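We count ligands from 1, going down the list as the structure has it; atoms in each ligand are counted the same way. The shown structure was predicted, so the numbers you read here are calculated from the model rather than taken from an experiment. Every heavy atom of this structure was used, including side-chain atoms; hydrogens, water molecules and symmetry mates were not.
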Amino acid sequence: MKILVTGGAGYIGSVACERLLREGHDVLVLDNLSTGHREAVPPQAGFVDADLRDRAAVRRALAGHDLDAVMHFAAASLVGESMEDPGKYFENNVGASVNLLEEAGARGARRFVLSSTAATYGEPDRVPITEEAATAPTNPYGESKLMIERILDWYGRLRDWRWISLRYFNAAGASEERGEDRDHETHLVPLVLRAAVQGGEIRIFGDDYPTPDGTCVRDYIHIEDLADAHVRALDAMGRGVSGVFNLGNGKGFSVREVVTVAEQVVGRPIGQVVAPRRPGDPATLIASSDRAREVLGWTPAHTDLRSIVESAWRWHRAHPNGYRG
Ligand code: UFG
């Protein structure tokens, strides 16, 4: 299939490209390189530099391409930032997705996989969280992804799109060749590894949450398992499936537990200091991925936090300056 991958120069999108190419698909990456890296795009993939907020630019970028499917990774995706700059999230995520649906639709695409998020749920009533749980985002980031899901539902009804929204829990880890490299890093796992290398301290955002050790609990899922789910979603849409699916391991780890595992992997102590809560953070997010297992036939291969952190550490050591070498 000819697949347009937006955000294919980013962390999760680039690993999905690797996987799609291995499966024999024809991949076209569209990315504005605002946070991604040209070097992260596999050489066998096509590449166009365009900003999804600029519909005319998207039309020009897609001219001459006949598309079957879209995988939409490109987005602003930071919970904390979305509390400070909500407009960025609604423009970058919601508005841009409408441009994408219209222009990719005009090129023939009728299958859409969305990178969605556990942040659509907000503070859950119970864990593990199933797709039936109420959606009440506690931040504009989660709200923006929920809005895109609603838009996809209408394009499904009115424009004959099949769509699958994959609600990722906490993406982590690396493939052999691709990993996490951001100019402004805010994610726990890469920051902990950086603290281990540079000798700094990791700030723990709040230790007074209603969790066993007071720090936030998250469900960490390997990016290669996420990539696998995308391939399965394509197949499922071919069978007529549309809808929302959680992707997580079903196990929660607190911030302090992540630091402890990282200390074991790296083999040295990592400094910690308790800082105030980060606005918008729910206390606990743990997935039930039963629906993805049953309908998509998805089974995560890297269920152990230690092996996830080890893969991130391997990539970090091989690329101490990220894609710059
Ligand atoms: N944390 C710290 N110190 C840090 C960084 C993070 O204590 O320096 C804590 C956060 O407060 C949070 C946990 O570590 O409790 C994980 O934080 P991340 O920033 O790594 O990830 P988030 O849970 O905020 O968000 C991630 C993705 C979102 C997605 C969400 C779903 O970035 O896109 O997972 O669970 F929506």
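- The shortest heavy-atom contact between T299 and D225 is O-OD1, 4.4 Å.
- At distances below 3.5 Å, at least one donor-acceptor pair connects side-chain atoms of D219 with backbone N or O atoms of N249.
- The existence of a salt bridge linking R277 and D281 is excluded, since no basic side-chain nitrogen approaches an acidic carboxylate oxygen closer than 4.0 Å.
- Closest to atom 21 (O) of ligand 1 by heavy atom, among N170, I202, V259, is N170.
- Contacts with ligand 1 closer than 4.0 Å are made by no heavy atom of R277, backbone or side chain.
- Distance check: R19 CZ to E224 CD gives 9.0 Å after rounding to the nearest 0.5 Å.
- From the protein, the heavy atom lying nearest to atom 13 (C) of ligand 1 is V255 CG2, 4.0 Å.
- Exactly one of L28, I3, V29, I12 qualifies for a side-chain contact (heavy atoms from CB on, under 4.5 Å) with C17. That residue is V29.
- The pair R232-D228 meets the salt-bridge criterion, with a side-chain N (NZ, NE, NH1 or NH2) lying under 4.0 Å from an Asp/Glu carboxylate O.
- Contact annotation for H187 and ligand 1: heavy atoms of both the backbone and the side chain come within less than 4.0 Å of the ligand.
- Between I204 and ligand 1, no pair of N/O atoms sits closer than 3.5 Å.
- The aromatic ring centroids of Y168 and H230 lie less than 6.0 Å from each other.
- The contact set between ligand 1 and L285, taken as ligand atoms under 4.0 Å from a residue heavy atom, comprises 35 (O).
- At least one N or O atom of R278 sits closer than 3.5 Å to an N or O atom of ligand 1.
- Considering only non-hydrogen atoms, atom 2 (C) of ligand 1 lies nearest to F205 out of F205, Y141, Y11, Y220.
- Within ligand 1, the atoms closer than 4.0 Å to a non-hydrogen atom of R218 are 15 (O), 23 (O), numbered from 1 in the order shown.
- Of all protein heavy atoms, the one closest to atom 29 (C) of ligand 1 is T117 OG1, 3.2 Å.
- Listed here is the closest heavy atom pair of I148 and V94: CG1-CA, 4.2 Å.
- Those atoms of ligand 1 that come under 4.0 Å of a heavy atom in R203, given as number and element, are 2 (C), 3 (N), 4 (C), 7 (O), 8 (O).
- Residues W315 and Y11 keep their aromatic ring centres 6.0 Å or farther apart.
- Atoms of ligand 1 lying under 4.0 Å from at least one heavy atom of C216, given by number and element, are 15 (O).
- Atom numbering of ligand 1 starts at 1 in the shown order; those under 4.0 Å from a heavy atom of L191 are 8 (O).
- The backbone and the side chain of L188 each have at least one atom closer than 4.0 Å to an atom of ligand 1 (non-hydrogen atoms only).
- Between R306 and D304 there is no salt bridge, since no side-chain nitrogen of the basic residue lies less than 4.0 Å from a carboxylate oxygen of the acidic one.
- Considering T120, T186, V189 only, the shortest heavy-atom separation from atom 5 (C) of ligand 1 involves T186.
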